[in-house]
Amino acid sequence: MNEVGYVIGLVAVSAAVLALGVWFVRREIRDEVSPALVLWTGYAVVAAFVVFGVVRTSWVVLS
């Protein structure tokens with residue numbers, strides 16, 4: 001697998017993980033498990049780490 005293919009796969013998997021996270025947060029809010037602000041804040045922190053990891057990994061792989 002070449003570098004571009006690796007990055008495309010990484011971005012696709014990361015997008016799927018982020019979409020799954022949105023689904024999970026919305027389900028938890030609907031079921032009134034935790035306050036919405038807490039869930040969305042936690043999701044934002046995790047999403048920031050995921051995006052940072054994808055950008056950094058992509059930068060290293062493509063350099």
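Because the structure is predicted, anything quoted here is derived from the model rather than measured. Numbers here are sequence positions counted from 1.
Residue Phe24 is not grouped with residue Val17 when hydrophobic side chains (ILVMFWY) are merged at heavy-atom distances under 4.5 angstrom, including chains of intermediate members. Cluster membership check: Val22 does not share its hydrophobic cluster with Val13, using side-chain heavy-atom separations under 4.5 Å among Ile, Leu, Val, Met, Phe, Trp and Tyr. When the side chains of ILVMFWY residues are joined at heavy-atom separations under 4.5 Å, either directly or via intervening members, Val11 and Val4 end up in a single hydrophobic cluster. Linking Ile, Leu, Val, Met, Phe, Trp and Tyr whenever their side-chain heavy atoms come within less than 4.5 Å puts Leu10 and Ile8 in one cluster. Grouping the Ile, Leu, Val, Met, Phe, Trp and Tyr side chains by contacts below 4.5 angstrom, directly or via other members, places Val45 apart from Tyr43.
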Under 3.5 Å donor-acceptor pairs involving side-chain atoms of residues 50-63, not counting sequence neighbours:
residue	atom	partner	partner atom	Å
Thr57	OG1	Gly53	O	2.7
Ser58	OG	Val54	O	2.7
Ser63	OG	Trp59	O	2.5

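Counted within 6.0 Å of CZ on Arg27, heavy atoms from surrounding residues, nucleotides or ligands total more than 12; the atom is thus considered enclosed.
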